[in-house]
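Working notes, structure below.
This structure is a prediction, so every number in the text was calculated from the model and none was measured. A, B, ... follow the sequence lines: proteins, then strands. Residue 1 opens every chain.
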Amino acid sequence: MSENQEPHEPIAESELLQIRRDKLELLKEAGIDPFGQYFSTTHEISDLKSNFTEDSLVSVAGRITSRRDMGKSQFFDIANAHGRIQCYLNKKGVGDEAFDVFTKMLDIGDWVGVSGKTFTTKVGEPTINIETLTVLSKALRPLPDKFHGVVDREIKYRQRYLDLIANPESTKIFLQRCQIIAEIRRFLEARGFLEVETPMLQDVAGGAAAQPFETHHNALGMDMYLRIAPELFLKRLMVGGLTKIFELNRSFRNEGISRRHNPEFTMLEIYQACADFPAMADMVEEMICHLAENFCGGLQVEHHDEEGNTIRSINLQRPWKRRAYRDCIKEIDSDWFSYSPEQRRTRCQELGIEISEAMEDYEVTQQVFEKLVEEKTFDPCFVTHVPKELVPLAKQNAEDGSLVDVYELIINGQEISPGYSELNDPDAQRSRLKHQAGEETQKVDEDFLLALEYGMPPAGGVGIGIDRLVMMLTGAASIRDVVLFPQLKRRE
RNA sequence: GCGUGGGUAGCUCAGCUGGUAGAGCAGUUGGCUUUUAACCAAUUGGUCCUGGGUUCGAAUCCCAGUCCACGUACCA
């Protein structure tokens, strides 16, 4: 839209912006391209800093983030997300013209390329003594406060770039997220898993019980859904003989937004033929510990509040606890399973747990689990053998048909990962999907059931909510702090 | 959805029971050739979220809307 504006049309903007526009004109008048060109660098800022040697000729590029004007001597920092380096500009050293460009036409926020020799100042700061200064991009708006950063949550999320510029602790979390995701791919590839991509646009939104986003394909004249899970397509691939696979990508759920929920979220699903849920639990345990040790400072993960006080310490030391669902409930009330359904409802009121009339008996128990077990479990715990009604895609337990062979990995008061021994009996699968109880049910995908009839090997499967995993590993309090562009309401 | 709290300068914030809208940083001007939240001096900058109401007078009180946060429900 700015392209439609006449360059000299008066813009009703603050004086602050006008001053920057004036400097833009000064650059143009001096024959300098304010938006730069190719610039050859010898180092990344971060590498230069970590392997600093004096008196070497270097070229680096970055954004001016602060300046200290001492008259004929100018100190300033250039930085990007990975690092910061101090630059020194001396009027005699660079000549009057270049010096004027810096003092009269450049601001904090502008991108520059600098070339010069490295040295260390009196107080020990690694610095580049600038010989040539190249303008790479003029910033037409001022940056946020360098000391306080961006505190306003709305700016942080709507203008993430400002958060990244001003708040190193935010940048750190996103860099950790990148490393974690890259390492998950390496970890699985090293174990012979193949990364696949399955449809996000689906005819039937299956594989989970959640509201999907609806859309429409014009040429086909058909309504479609954004996937709520990739599961049913990954299982089709196992029917096709791809027996060690994973998908690490977005799913979409048209549900409420909260500290723990974003409508699009990143999910990892892993399937391994001829494995079962305990085998998958072992692998997940190994993987998460590997990630914590490599990118999060070890197996003791500390969470801090805004003031920096430690509010929680999560111990990821192996082996992780494994407990049957029923034993977890019995720890709350040892007689729970000898009560009648009515007694359980009464007991819920005593325990301060809200339940609705419409809830089935197993859902009442599940409420107890969620409020009194899950939300109070911070160190890792695999909760196994849950009631079969909760998980229609998992194999029934051989000894107790009311249970399924699954784990739910709880860490940090949240479910981080479910894992199943996957149900591969097509008739049992059909009947389980058709006889689901409760309010939220999974859609029946006939094409998936058809695939199962051709034979899917027994398999272990895992889902991991990557956003929540990153929250747990980095101590982020909100999913919005680990998703670069979280969903917000449109601003009119 | 519902409930509670919040929205004041580019950023971070103060502004009492209604009485001329404030500070720090950033910016501007001047000074200073090893500073680093540089420093010293001066100085500019406001749709107090939007709309309505009460009042002689509203950033402040009331109503509605809007966005954000937190809690809650659905959900992972």
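- Annotation: salt bridge (Lys or Arg N to Asp or Glu O under 4.0 Å) contacts of A:Arg250 (sequence neighbours excluded): A:Glu264.
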What's touching nucleotides 46-49 of chain B from the protein side, N or O pairs under 3.5 Å?
none

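- Between the side chain of A:Gln74 and the base of B:U35, no donor-acceptor pair of N or O atoms lies under 3.5 Å.
- Put simply, CD on A:Gln367 is 7 Å from P on B:A73, counting in whole angstrom units.
- Between A:Phe75 and A:Tyr88, the ring-plane angle classifies as tilted under the 30° and 60° cut-offs.
- With sequence neighbours left out, the salt bridge (Lys or Arg N to Asp or Glu O under 4.0 Å) criterion links A:Asp361 to A:Arg344.
- A:Gln349 is linked by a side-chain hydrogen bond (donor to acceptor under 3.5 Å, both in side chains) to nothing, counting only residues two or more places apart in sequence or in another chain.
- Within the structure, salt bridge (charged side-chain N to carboxylate O under 4.0 Å, His left out) contacts touching residues 92-105 of chain A (residues at least two apart or in different chains) are A:Asp100-A:Lys104.
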Please write out the pairs of protein N or O atoms and N or O atoms of nucleotides 9-13 of chain B separated by less than 3.5 Å, giving the distance to one decimal.
residue	atom	partner	partner atom	Å
B:C11	O2'	A:Asp145	N	3.1
B:C11	O2'	A:Gly149	O	3.1
B:C11	O2	A:Asp145	OD2	3.1
B:U12	OP1	A:Val151	N	3.0
B:U12	OP1	A:Asp152	N	2.8

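- A heavy-atom distance below 4.0 Å to RNA chain B is reached by these residues of residues 90-106 of chain A, ordered by number: A:Asn90, A:Lys92.
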Could you tabulate the donor-acceptor pairs under 3.5 Å formed by side-chain atoms of residues 113-128 of chain A, not counting sequence neighbours?
residue	atom	partner	partner atom	Å
A:Ser115	OG	A:Ser59	OG	2.7
A:Thr118	OG1	A:Thr53	O	2.7
A:Thr118	OG1	A:Asp55	N	3.0
A:Thr118	OG1	A:Ser56	N	2.9
A:Thr118	OG1	A:Ser56	O	3.4
A:Thr118	OG1	A:Ser56	OG	3.2
A:Thr120	OG1	A:Glu54	OE2	2.9
A:Thr121	OG1	A:Glu125	N	3.1
A:Glu125	OE2	A:Arg84	NH2	2.6
A:Thr127	OG1	A:Gln86	NE2	3.0
A:Thr127	OG1	A:Glu125	O	2.8

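- Legend: residues meeting side-chain contact (heavy atoms from CB on, under 4.5 Å) with A:Arg322, ordered by chain and number and at least two apart, are A:Pro278, A:Ala281, A:Asp282, A:Glu285, A:Phe382.
- With sequence neighbours excluded, the residues forming a side-chain contact (heavy atoms from CB on, under 4.5 Å) with A:Leu143 are A:Arg63, A:Ile108, A:Ile165, listed by chain and number.
- Here A:Gln272 pairs with nothing under the side-chain hydrogen bond (donor to acceptor under 3.5 Å, both in side chains) rule; sequence neighbours left out.
- Put simply, NZ on A:Lys489 is 12 Å from P on B:G65, counting in whole angstrom units.
- When the side-chain nitrogen and oxygen atoms of A:Arg67 are compared with OP1 and OP2 of B:U36, none of them lie within a distance under 4.0 Å.
- Sorted by first then second residue, the salt bridge (charged side-chain N to carboxylate O under 4.0 Å, His left out) pairs that include residues 202-215 of chain A, not counting sequence neighbours, number zero.
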